[in-house]
Amino acid sequence: MDFSPLIGLVLVVSGIIVGFVNTLAGGATIISITTFMVLGLPLSMANGTNRVPVVLQNFTSCVTFFRKKLLDMRLGLKLAIPTVVGNVIGSQVASTVDEDIFRVCLGVVLLVVLGFMAFSNERRLREGGVSTAPVVVRPWHYVAFLLIGFYSGYIYVGLGYLILAVAMMSMKMDLVRANALKGFIVLVSTPFALAVFMLNGQVNYFYGLVHAVGNILGAYIASQYAVGWGVRFLRLFMVIVILVCLADLFGWISLREMVRSVLIA
């Protein structure tokens, strides 16, 4: 599909939504992957191209969190080391695995994320205050972030929920600082996965950079305003998005044909 101003608009608008939702919680990366697929990229390249906006989006949110003194750089670097190792391994697996297998894995992940959003504690997700309680870090947390890194490199979708779950439920962090930690770890580790996909020729730089413009805008808006705000709406929105993406992933509908008909009209 040739590039046009309308395609650029689709990439930027979807990027704003992704950047906003991912900065507040997570899970919206499926919108990026689906958008790239709808615009003609194969699933493996959509997965690799997605890493471009991820890096730029998280850079934007991390700068904002750092300026507000909400980012613990020392803790973030400690946990980023095992995450990077896992990320490289996971991305190498993703770049070589059969696309049908990857499609099934992605479908399973979407169902798990869907279940998490349907049954998770909304009050916990809404807690937007900044806690002064000490952060609890145990040796097994490094193993957990190694596994999180592998998952991040392989699929990435729903990664934000995994990091928030460990940070808030096990390390006793509040939602604001957990979001800051999440963004920093993803920022440090994702370039390594991106390098693997680049070496395997699975990155569309133009689509990735245009989509990243929207990601940056969405991340900036989300990190500037009420981090714990709008969870109920975001949850409903993401449930609908995931259901649509699942329908497209398994061939029940064709988002690509829908968008193609709109672009041609």
Side-chain angles (χ1 to χ4, degrees), residues 18-29 51 53-88 90 113 116 120-121 124-153 155-194 215-216 218-229 231 234:
V18 171
F20 187 85
V21 175
N22 274 349
T23 301
L24 289 179
T29 300
R51 313 304 165 120
V54 164
V55 172
L56 297 178
Q57 168 204 315
N58 282 281
F59 175 78
T60 304
S61 60
C62 281
V63 168
T64 304
F65 281 127
F66 180 77
R67 288 177 176 173
K68 292 184 176 183
K69 299 181 179 180
L70 295 171
L71 176 59
D72 187 336
M73 295 279 287
R74 179 177 296 181
L75 174 62
L77 287 172
K78 287 181 179 179
L79 295 176
I81 293 173
T83 308
V84 166
V85 175
N87 210 292
V88 171
V113 172
F116 173 82
S120 60
N121 188 320
R124 181 65 170 168
L125 288 175
R126 278 206 311 263
E127 292 175 349
V130 178
S131 172
T132 57
V135 177
V136 179
V137 181
R138 297 185 173 88
W140 71 266
H141 285 128
Y142 296 102
V143 178
F145 276 90
L146 175 67
L147 297 176
I148 286 174
F150 177 85
Y151 176 83
S152 172
I155 293 182
Y156 188 88
V157 176
L159 174 67
Y161 292 116
L162 291 177
I163 297 178
L164 290 179
V166 174
M168 295 175 65
M169 298 178 187
S170 176
M171 297 168 63
K172 309 302 180 184
M173 299 184 74
D174 58 83
L175 180 58
V176 176
R177 294 189 185 277
N179 264 297
L181 177 69
K182 176 197 72 177
F184 181 77
I185 289 177
V186 172
L187 173 64
V188 173
S189 61
T190 302
F192 293 89
L194 176 60
N215 273 243
I216 292 171
Y220 177 79
I221 294 169
S223 57
Q224 286 291 330
Y225 303 100
V227 177
W229 169 100
V231 171
L234 290 175

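- Put simply, the side chain of Asp72 does not reach to within 4.5 Å of the side chain of Arg177, judged on heavy atoms.
- The distance from the SG atom of Cys62 to the CG atom of Leu70 is 11.5 Å, given to the nearest 0.5 Å.
- Shown here are the side chain to side chain contact (heavy atoms under 4.5 Å, CB included) partners of Val63, two or more places apart in sequence or in another chain: Phe59, Arg67.
- Listed here is the closest heavy atom pair of Met168 and Ala178: CG-CB, 3.7 Å.
- The nearest pair of heavy atoms linking Leu181 to Gly76 is CD1-CA, 3.6 Å.
- Closest heavy-atom contact between Ser170 and His141: OG-NE2, 2.6 Å.
- Under a cut-off of 6.0 angstrom, the local environment of OH in Tyr142 is crowded, with over 12 non-hydrogen atoms contributed by other residues, nucleotides or ligands.
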Is there a side-chain contact (heavy atoms from CB on, under 4.5 Å) between Leu159 and Val186 once you walk through the steps? CA-CA 9 Å; Leu159 174 67; Val186 172; 3.7 Å; yes
Carefully, step by step, assess Phe145 and Ile81 under the rule side-chain contact (heavy atoms from CB on, under 4.5 Å). CA-CA 9 Å; Phe145 276 90; Ile81 293 173; over 6 Å; no
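- Using a 4.5 Å heavy-atom cutoff, the side chains of Ile148 and Ile163 are in contact.
- Ala180 is linked by a side chain to side chain contact (heavy atoms under 4.5 Å, CB included) to Phe65, Leu71, counting only residues two or more places apart in sequence or in another chain.
- Of the possible donor and acceptor atoms, one in the side chain of Arg51 sits under 3.5 Å from a partner among the backbone N and O of Gly153.
- Contact check for Leu75 versus Met171: side-chain heavy atoms found under the 4.5 Å cut-off.
- With sequence neighbours excluded, the residues satisfying side chain to side chain contact (heavy atoms under 4.5 Å, CB included) with Val85 are Ile89, Leu146.
- Nearest approach of Ser189 to Asn87, heavy atoms of both residues: OG-ND2, 3.5 Å.
- Listed here is the closest heavy atom pair of Asn58 and Gly183: OD1-CA, 3.3 Å.
- Note that the CZ atom of Phe184 and the OG1 atom of Thr83 stand 10.5 Å from one another [nearest 0.5 Å].
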